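So the structure is just underneath, and the comments pick up after that.
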Amino acid sequence: MKKARHALLLWSILACSHVAIAEKPKAGPTPPVPQGTPGEWVTPEDYPIPALRLGMIGTTSFVLAVDVKGKTTGCEITDSSGFDILDEATCKLLMARATFSPSRDRAGKAQAASYRNRVRWMIPGDMHAIGENWTSVLMSVDQTGHPTSCKMVITVPNLPNRSQEGPCSPNMAAPPELGPAVRGDYAGSSAQIELQQADVFTPELRERVLAPRSGYEQRGLNVYRFTVGKDGKMDKCSYVEQRGNVQLVTDYCGQARSITFDPPFSAFDKDGVATGWHIIRALLKSAP
């Protein structure tokens, strides 16, 4: 995989403005002052690999607890990026790297205080690399077709921590017309729907993604076949299969031309070409 340092991470530091007010005879308390450059607390090389592969972007707002010695003792996310992976990376990096000159009270004595800021995680669409991955969005849809709950599971086969699970973010919201279309004539009060999207380069994973699911009915399937060179760029692409719900139909071959892919080494043939499949599938739970 192309290293994360080749991605562009825009790390936005919004400094709080402080107005100096002349007060006699005592000066006001001072906030914690970052030591060094806050922009170096999170670098392009810190972009979590699963987030880089899957194009996760967002802004994480945080508050740090700073003790009387200027040490960071706690981190709390005040506004999520929408991705736990990015939020957790933010706090982990800040806890390890953020140091301060401590806050001081009116008498000049060091005191515990807090520091607020945010990190903007962003990847240009033509720079992030996509390896093998499999994402499932699990939704409960009521009789009106509206989702009542949503959970996302991301699987990246070649990573030690292969699967991560969390609530759906606004970025992953399904089109409003998709729920009713997949639910169809299902008679129950709440339909359990799974939307799958996968990029695979090995036949074994492709068969696993496409395998029938016990207790589920397939309501839609789209399969695209493409080739990738050593530079990670798509060469040929074709739409090879469409079944069921037309709401899943997309112009993937046109949309994916700017993407950089990262196939496993074993997927390349002797000519340096890897064959991949992009799969989109909708499943409806038909049995308890």
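As the structure is a computational prediction, the values presented were derived from the model and not from experiment.
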To the nearest 0.5 Å, tell me how far Ile280 CD1 sits from Thr250 OG1. 4.0 Å
Mind listing the closest non-hydrogen atom pair of Arg118 and Thr59 along with its distance? CD-CG2, 3.7 Å
Separation of Leu93 CG from Glu88 CD (nearest 0.5 Å): 11.5 Å
Closest approach of Lys69 to Asp67 (non-hydrogen atoms, all atoms of both residues): N-OD1, 2.9 Å
Only one of Glu207, Glu132, Arg208 passes side chain to side chain donor-acceptor pair (under 3.5 Å) with Thr202, and that residue is Glu132
Nearest heavy-atom contact between Val63 and Arg116 is CG2-CG, 3.7 Å
Residue pair Lys71 / Thr99, side-chain donor-acceptor N/O under 3.5 Å: no
For Val68, the hydrophobic cluster (side chain heavy atoms closer than 4.5 Å, chained through members) also holds none
Under 3.5 Å side-chain donor-acceptor pair for Asp142 and Thr148: no
Validation row: Leu210, Trp277 side chains within 4.5 angstrom (heavy atoms): no
For the student: nearest non-hydrogen atoms of Trp121 and Thr90, plus distance: NE1-OG1, 3.1 Å
Would you give the length of the straight line joining atom SG of Cys253 to atom OH of Tyr239, rounded to the nearest 0.5 angstrom? 9.5 Å
Is a side-chain donor-acceptor pair under 3.5 Å present for Thr135 with Gln197? no
Under a 3.5 Å threshold, yes or no: a donor from one side chain and an acceptor from the other, between Thr43 and Asp46? yes
Checking Phe201 now: which residues fulfil ring-ring contact (aromatic ring centres under 6.0 Å, His included) with it, not counting sequence neighbours? Phe226
Of all heavy-atom pairs between Ile154 and Met56, which one has the smallest distance, and what is that distance? CD1-CE, 2.9 Å
Can you find a side-chain donor-acceptor pair between Tyr115 and Thr72 that sits under 3.5 Å? no
Minimal heavy-atom distance between Thr78 and Phe62, with the atoms involved, is OG1-N, 3.5 Å
Kindly say whether Ala65 contributes a backbone atom to a donor-acceptor pair with the side chain of Ser114 at under 3.5 angstrom? no
Is it true that a side-chain atom of Ser81 and a backbone atom of Phe83 form a donor plus acceptor pair closer than 3.5 Å? yes
Is it true that a side-chain atom of Thr60 and a backbone atom of Val119 form a donor plus acceptor pair closer than 3.5 Å? no
Sequence neighbours excluded, every pair satisfying salt bridge (charged side-chain N to carboxylate O under 4.0 Å, His left out) that has a member inside residues 237-261: Glu241-Arg243
Spell out, as yes or no, whether a donor-acceptor pair under 3.5 Å connects the side chain of Arg206 to the backbone of Ile279. no
